[in-house]
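Note sheet for the following structure.
Numbers restart at 1 for each chain; the letters A, B, ... are given by sequence-line order, proteins then strands. All values derive from a computational prediction rather than experimental measurement.
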Amino acid sequence: MDLTLTTSEQAFRDEIRGWLEQNNPGAAPVAGDDAEFEFRRGWQKTMHEAGFAGLSWPEEYGGRGASMIEQSIFNQELALSRAPMPANVLGLVMGGPVVIAHGDTEQKERYLEPILSGEEIWCQGFSEPDSGSDLASLKTRAVKSNGGWRITGQKVWTTYAHEAKWCMLLARTDPESPKHRGITYFIFDMEADGVEVRPLRQITGEAEFNEIFFEDAYVPDENVVGEVGGGWQVAITTLMFERAGLGAAAAISVSNSLDDLIALIRERGLAEDPMVRDRVARLKMGVEALRLGGMRTLTRTMKAGIPGPEGSLGKWEWASVNQELGELAMDVLGPAAAVDGEEWTYRFLRSRANSIEGGTTEVLKNIVAERVLGLPKLR
Amino acid sequence: MDLTLTTSEQAFRDEIRGWLEQNNPGAAPVAGDDAEFEFRRGWQKTMHEAGFAGLSWPEEYGGRGASMIEQSIFNQELALSRAPMPANVLGLVMGGPVVIAHGDTEQKERYLEPILSGEEIWCQGFSEPDSGSDLASLKTRAVKSNGGWRITGQKVWTTYAHEAKWCMLLARTDPESPKHRGITYFIFDMEADGVEVRPLRQITGEAEFNEIFFEDAYVPDENVVGEVGGGWQVAITTLMFERAGLGAAAAISVSNSLDDLIALIRERGLAEDPMVRDRVARLKMGVEALRLGGMRTLTRTMKAGIPGPEGSLGKWEWASVNQELGELAMDVLGPAAAVDGEEWTYRFLRSRANSIEGGTTEVLKNIVAERVLGLPKLR
Amino acid sequence: MNFDLNDEQRAIKDTARELLASRFKLDKVRELAESGSYDDAIWKEIGGLGWAGIAVPEEHGGQGLGIVELMLLCEEVGYACAPLPLFSSAAAGLVIASAGSDEQRERWLPELSSGQVTAGIPATAPEDDSVMIDADGAAVLAFDRGEGPRLAEPSEVEISGLDLIDRTRRYSQLSGEGGQEIPGEIDWALAAITIAFAGELTGLAQRAMEMAVEYARDREQFGRPIGAYQGVSHACAKMLYDVEEARSLTYYAAWCADAQPESLPLAASMAKARASEAAWDVAAASLQVHGGIAFTWEHDLQFFLKRARVSSGLYGTPRRHRNRVADIAGLGSLEPATA
Amino acid sequence: MNFDLNDEQRAIKDTARELLASRFKLDKVRELAESGSYDDAIWKEIGGLGWAGIAVPEEHGGQGLGIVELMLLCEEVGYACAPLPLFSSAAAGLVIASAGSDEQRERWLPELSSGQVTAGIPATAPEDDSVMIDADGAAVLAFDRGEGPRLAEPSEVEISGLDLIDRTRRYSQLSGEGGQEIPGEIDWALAAITIAFAGELTGLAQRAMEMAVEYARDREQFGRPIGAYQGVSHACAKMLYDVEEARSLTYYAAWCADAQPESLPLAASMAKARASEAAWDVAAASLQVHGGIAFTWEHDLQFFLKRARVSSGLYGTPRRHRNRVADIAGLGSLEPATA
């Protein structure tokens, strides 16, 4: 057990830290979605030019072949510095790794470089209105047609759909097969005909997500990743990369929030309130348990090669800590606090989705019970 | 809506209160189970002579035909005065009412009077080691034999079994029928051959309950209550009376405990501790909600004639409040508090069973979800 | 002893439920919330029924009923999530009726009770930035800026709007000390107002629960309605637990205001603390049962969720009321907590 | 960076698990608990392996390993719920090794490290009635009665037994101020002791969880194993959540004691607060999963439940440690809370 960085890990961290001090563009302007997005595209370009985009991708695909630890150090430093996310985060964390793992040579050549450069943005078309937790019940159809497939259906909760060139799309190619087997994974061109993107406004007032409507939209055979009918396995890989790739940064971000909240509490003269102190201590312990649990998961993942179901605990923990943090912030700010559009109000409202997005807490508890503890599945 | 007592209710309360002031025997001596039990038997005799045993039973069966409200006032006054429970509480609350509701004329003549006088104590033989929440899966067998039945099996969680003359016994008379239909309700003579009672010690160190072992023990046909194979309905009636009859007194008892705890907190100089105050306030609100919820349930029951599933909320609430109360008491007493055998230690440990006995909180939640909220049952 | 509504109370509640349901379909609530306004025509109709004066004595143009009846109306306003200046007008009426001078009563109560004018009323103690309800557009304001209770017309003070996340009610902040003193003792009125507000919170909780239960019955995942999973059904059962505790304590407190004043301070604090927590906990749990759909702007649960959150902090935070409960329950007083 | 045990640590943990499982079958734990005693022969064997001196420098007869290794042994003692004076002897050894005079070290460390004698050690601050662990039967007592740390032989003070609900350990209270001063600074040792104790609590929680999971797999109700109901399976998942948080914080704190002392005060308080709560919450939830059977004297869960409850209040209550966490996290110090 050694929680210090090795000499080379430390050198790597110093490199990143130094580079960030020079290059961190600061918070994105809150000038509406598009301006913010272009700002982040520029930031990704800067990262890419310095060789930090796709850090853990193999060198042959334009990455730096960094270890998981290095990737994790990089993510942490990025979050600690409060730099914005690169624009193409979904391509970097999910799309690219899936193409590397399951794509053919042509796909690797075609898709990987523009992901790194941020030239082509990726989005994810998995969830549907009627298939939330039960993802495999998805209904979007793909019908064979003329060297390709015609897609009809609806996706929701799609981030960046209006900016994206490519969509990681799950569609049902065989309605007769059992529900996990008739699904295929496509790289879908968002510029194709028959696609409509509508912003999906949230209770925060923001439109962070979109709905996508497909009406007989064409995608060629060459855009299938893996086997036709083998999309479920590819999707699982994607979700695994999602949880592993976004987890560490999310943990740092809640830690940053707690620091902000502690400053707010001092500013409001509440530092000596025993109940506030107790809640802050619980949050601090939650944040630390999240950070340390992440390190334990990383160690385990490096040995096993792939992330295990324990990651579900971290996701659950993160949602719980973030929601409690939002509630304490509102209590500290007092009755006139819930001012529409304020930063804390936004964080508070936004946190309510944390226990739903990326796996509801109920589903995560099922995973923990069945796959970690070995309890029987409910049939 | 009128929460005051009517003139006649008030007169009744004053009568009870006056009588209790004269006759309350005080706490039972903690001189071991038997001495305590005889003390309570004497107390029941006193109550009976004054006409207060079986208050709500019809006058023709030796009761006073009191209304539910009067019975409730009586139970409350009894609990408020911290008088002990009458010895034959199970006969009064469950056995007698079931005989009145489902018994034949001979049974009413035979069993009711000795219940009231405390001469014949009753106990309840429902639960078995393998049938806890799933009561209807009980396995104790009754085999037809010579004008009666031979019982073989095991019961558990039986209070007063070692003092009891009669046991309300559920046994399976028809193993071929669906599980709810093959059950019969017997009034079983605890002096019969083939019965063995063993005390069941709890984690508190006390042996409040017993196990009963039946080995080919005989019970005559005339001791069947209701129809052969119709025992499940009789059992349901019993449990309904149990929850309604014991609920009010239990609520007062947790209120008494809170008063004791508040005194303890003041004594320990913790009255100004904000976290202690907050926990006390939550308990006070819980105790009051329990009291008021009981009044609402009583009003509803009087209109409907029988208790509804809402009573499950009260049982759940009571367990939850009582457990939190025990935890606060231990925290107030500090690290050297958990002294074996002390009153607060006992209450604390004992409270852990509150969410299990008489319906686990999980089962109560199911009842609330399915029967009050109308959610679908899990099949 | 009868802990149930009498026939008249039942009729008031049922009528209010029905009328509010027809006037404030959720599309209407949405429309008003998005424009941050009230519908004057609906207020004219409902105000004209005398709801705001339900607990005002008949000699002042009210209906001469009690806090139980007012609380029931507020419960239904909460259930409907109705953007309506009922609560504020009724609350100001209670203050004036119980503590105003004869002149103040004559001047304001008949018009307030018959809904011809509306009033603004503070929802926080002066030290908490004085959040006012419905001051904007009111004919008269009742407030206390720390110098004792006062009554003023809007032109006599300064009002600045406050855009809270709850858009189904109008909030503002007040400055200035204009107007005239209210001479009487307002403790009873403040307790009664708090209880009426607890009624509103109970109604919000009830509706948020019903929305969850209905969704849980209909929505299928993995081949079953989600309400068949204990992860969901037990969460719904807990909602009922919360709602029923809030209702028991709130109804009891309202009855105390009418019939047992010696129990009022404790009862009012218990009601507000419990109903505040119930409304927020139930709304948040309802969102979780709904999943992503209720996180969208197009879903109506947000109105209940946001109103519950904002309302829970008004008329004393739950923690402040619990501090008071601890005091009255026997632990003695302590400087009120701040968060 | 490697947040996992190294091979040696893994071997220590596995060996301890195996040895304790064979020596302390639950019947044995029960027998010792009911008689309120330890088994001298088992202690002779385990003490002889040098466990008590695992973190004592080799020059004093110890194994020269760290707090991580000691914490792992304590975790296994908790997992086995073993009645064994290991923790107390190791704790006294840490105090003497890090703060004792040369003479005190020479006098006590070799015998303590090799298990030839045992030691008693306080588990509460002097103002909390000075609960001592294992003072009864010890060769030496390390304590602090508010006048600084001291070392005494039992004959030099007065010891009175304390019958707590946890019968798997011997508790007592101390009076008198005999013996001699311990000259050095004991902050590090106290933090290290607290962490070792958090390890024990983590082990208790782990075992109580495993018992619940095993029962939930086997026990059938309504035609299914109860572990197939989310009411049970989600409760078990929450146990893992608690256990893993406790373990992360405790392992980290142990590592800080060995390698990163500047993080030690915060880490030790977080570990103890979290592990205390986890142990009690998991044990109580495990009882609920078991139902009535685990409420009987004949069931073994009671030993874990009671030891968890008593231990959670020793070496600082969770609330006191959280108060310290708030301080170090940036809110500044405040008089420690009392309940």
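- Side-chain contact between B:Leu349 and D:Phe295 is absent, with no heavy-atom pair separated by less than 4.5 Å.
- No more than 12 heavy atoms of other residues, nucleotides or ligands lie within 6.0 Å of CZ in B:Arg371, so this atom counts as exposed by the packing criterion.
- Taking CG of B:Leu378 as the reference point, atom CD of D:Gln230 lies at 8.5 Å (rounded to 0.5 Å).
- Nearest approach of B:Arg352 to D:Leu287, heavy atoms of both residues: CB-CD2, 3.5 Å.
- No part of B:Asn366 comes within reach of chain D, as not one of its non-hydrogen atoms sits under 4.5 angstrom from that chain.
- For chain B, the option among D:Ser312, D:Ala284, D:Gly292, D:Ala123 with the highest count of heavy-atom pairs below 4.5 Å is D:Gly292.
- Looking at B:Phe348, the atoms closer than 4.5 Å to chain D (heavy atoms on both sides) all sit in the side chain, from C-beta outward.
- For a residue to count as touching a neighbouring chain, one of its non-hydrogen atoms must lie under 4.5 Å from one of that chain's; by this rule B:Glu342 does not touch chain D.
- Counted within 6.0 Å of CD on B:Glu196, heavy atoms from surrounding residues, nucleotides or ligands total more than 12; the atom is thus considered enclosed.
- With a threshold of 4.5 angstrom between heavy atoms, B:Lys365 does not approach chain D through any atom at all.
- Of all heavy-atom pairs between D:Gln288 and B:Ser355, the closest is OE1-OG, 2.6 Å.
- Across every non-hydrogen atom of B:Trp157 and D:Thr296, the tightest pair is CH2-CG2, 3.5 Å.
- Heavy atoms from other residues, nucleotides or ligands lying under 6.0 Å from CZ of D:Arg219 number more than 12.
- The distance from the CZ atom of D:Arg322 to the CE atom of B:Met275 is 6.0 Å, given to the nearest 0.5 Å.
- Contact of D:Ala294 with chain B is made through the backbone alone, with heavy-atom distances under 4.5 Å.
- For B:Ser133, the parts sitting under 4.5 Å from any heavy atom of chain D are the backbone and the side chain alike.
- Of all non-hydrogen atoms in B:Ile203 and D:Gln302, the two that sit nearest each other are CG2-CB, 3.5 Å.
- In this structure, chain B has no heavy atom under 4.5 Å from any part of D:Tyr171.
- Taking CG from B:Leu200 and CD1 from D:Ile293, the interatomic distance works out to 8.0 Å, rounded to the nearest 0.5 Å.
- Contact count against chain B (heavy-atom pairs under 4.5 Å) is highest for D:Arg224 among D:Glu298, D:His299, D:Arg224, D:Glu220.
- Both the backbone and the side chain of D:Ile165 come within less than 4.5 Å of a heavy atom in chain B.
- In this structure, chain D has a heavy atom under 4.5 Å from the backbone of B:Ser131, while its side chain stays farther away.
- Annotation: the span from D:Phe222 atom CZ to B:Lys377 atom NZ amounts to 7.0 Å, rounded to 0.5 Å.
- Most heavy-atom pairs under 4.5 Å with chain B, from the set D:Asp163, D:Leu301, D:Leu305, D:Val310: that is D:Asp163.
- Using a 4.5 Å heavy-atom cutoff, the side chains of D:Arg319 and B:Asp273 are in contact.
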